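These values consider heavy atoms only, across backbone and side chains, with no hydrogens, waters or symmetry-generated copies. As the structure is a prediction and not an experimental result, all values here were calculated from the model.
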Amino acid sequence: MRLLLVPLVLFGLPLAEIAGFVIVGRWLGLWSTLALVILSSVIGILLLRSQGLSVLRQINTEGQQGRVPGEAIVSGAMIVVGSILLILPGFLTDIIGLLLFIPGVRRLIWQQIGQRVIVRTSRTPAGYPGSSPNPNPSTSANQPPAASPQTIDLDSTDYQRKSGPSSPWSDRPADDQ
């Protein structure tokens, strides 16, 4: 069933867009139709810039607060798709693109696909990636972090490199002390 949908979209959408151009061209005239197509492309670029930056800020804020920004990521993806649809010439793609900019429509789509989306995160010992490596904000940032059990601190006398015949780096000289 889904495979039948792909050719229908690939062939049906351009035909529907051409029919839309003809209908709007008869109603408004050639130059007004071309002006609308160019205007929709400019609006798509401007909306991508303004809405995209606000979504990036929202994703950053949620990440800093330790929450998984799943809805914000999907919302941002819908804004990008909506902008691309506005930039493409055609009135049907413009209508779909404009619908994707409406927050209520994006929330409705998120409710439909949100249960099927799985967001995987990874935690570092200090928290989420990008979070502060100093989990205790009361300590000074200028102090070196306390050694964890996985840290091995060696002095220069504790380790020396010696050349070995089986080493791939054996042509390099040994450390001079």
Side-chain angles (χ1 to χ4, degrees), residues 1-138 141 145:
M1 178 67 184
R2 290 184 184 186
L3 290 177
L4 188 61
L5 196 61
V6 172
L8 182 67
V9 170
L10 287 177
F11 295 116
L13 185 63
L15 292 175
E17 292 289 4
I18 291 170
F21 282 129
V22 170
I23 292 169
V24 173
R26 282 188 186 164
W27 187 48
L28 293 178
L30 173 68
W31 296 110
S32 298
T33 304
L34 289 176
L36 273 177
V37 170
I38 292 170
L39 181 67
S40 71
S41 294
V42 170
I43 289 172
I45 292 169
L46 294 175
L47 282 174
L48 176 62
R49 183 174 181 199
S50 66
Q51 295 290 316
L53 289 175
S54 69
V55 169
L56 286 176
R57 279 189 225 105
Q58 181 183 1
I59 291 170
N60 189 22
T61 302
E62 287 186 18
Q64 286 178 347
Q65 293 174 352
R67 295 189 308 233
V68 177
E71 184 176 357
I73 291 172
V74 172
S75 179
M78 285 188 262
I79 286 174
V80 169
V81 169
S83 296
I84 291 171
L85 290 175
L86 278 173
I87 292 169
L88 291 174
F91 295 111
L92 294 177
T93 54
D94 288 350
I95 291 169
I96 297 169
L98 286 173
L99 285 174
L100 288 176
F101 276 98
I102 300 172
V105 173
R106 289 196 310 260
R107 262 187 249 110
L108 181 68
I109 294 172
W110 171 249
Q111 289 172 354
Q112 295 298 316
I113 65 171
Q115 294 94 15
R116 291 180 241 154
V117 173
I118 298 171
V119 179
R120 302 193 93 168
T121 61
S122 61
R123 266 180 87 72
T124 62
Y128 287 102
S131 65
S132 172
N134 188 1
N136 187 0
S138 63

Measuring from atom CD1 of I109 to atom CD1 of I102, what distance do you get when rounded to the nearest 0.5 angstrom? 10.0 Å

Please test V105 against M78 for side-chain contact (heavy atoms from CB on, under 4.5 Å), starting from the C-alpha separation and ending with a verdict. CA-CA 10 Å; V105 173; M78 285 188 262; over 6 Å; no

What distance do E62 atom CD and I73 atom CD1 have between them, rounded to the nearest 0.5 Å? 8.5 Å

Between S41 and I87, which heavy-atom pair has the shortest distance, and what is it? OG-O, 2.9 Å

If you measure from CD1 on I59 to CG on L56, what distance do you get to the nearest 0.5 Å? 5.5 Å

What's the shortest heavy-atom distance between G90 and E17, and which atoms? CA-OE1, 2.9 Å

Side-chain contact test, heavy atoms from C-beta onward, threshold under 4.5 Å: evaluate it for P89 versus F21 and give yes or no. yes

With side-chain contact (heavy atoms from CB on, under 4.5 Å) as the criterion, how do D94 and I43 come out once you've worked through the C-alpha distance, each side chain's angles and the decisive distance to 0.1 Å? CA-CA 10 Å; D94 288 350; I43 289 172; over 6 Å; no

Rounded to the nearest 0.5 Å, what's the gap from OG1 on T93 to CD1 on I84? Could you check? 11.5 Å

Which pairs of donor and acceptor atoms, one on a side chain in residues 7-15, lie under 3.5 Å apart (sequence neighbours left out)?
none

Supply the atom-to-atom distance S75 OG to Q58 CD, rounded to the nearest 0.5 angstrom. 6.5 Å

Could you work out, with side chain to side chain contact (heavy atoms under 4.5 Å, CB included) as the rule, every residue matching L28, not counting sequence neighbours? V24, S32, T33, L36

I'd like to know whether L86 forms a side-chain contact (heavy atoms from CB on, under 4.5 Å) with F101, so could you lay out the CA-CA distance, the side-chain angles of the two residues, the decisive distance to 0.1 Å, and finally the verdict. CA-CA 10 Å; L86 278 173; F101 276 98; 3.7 Å; yes

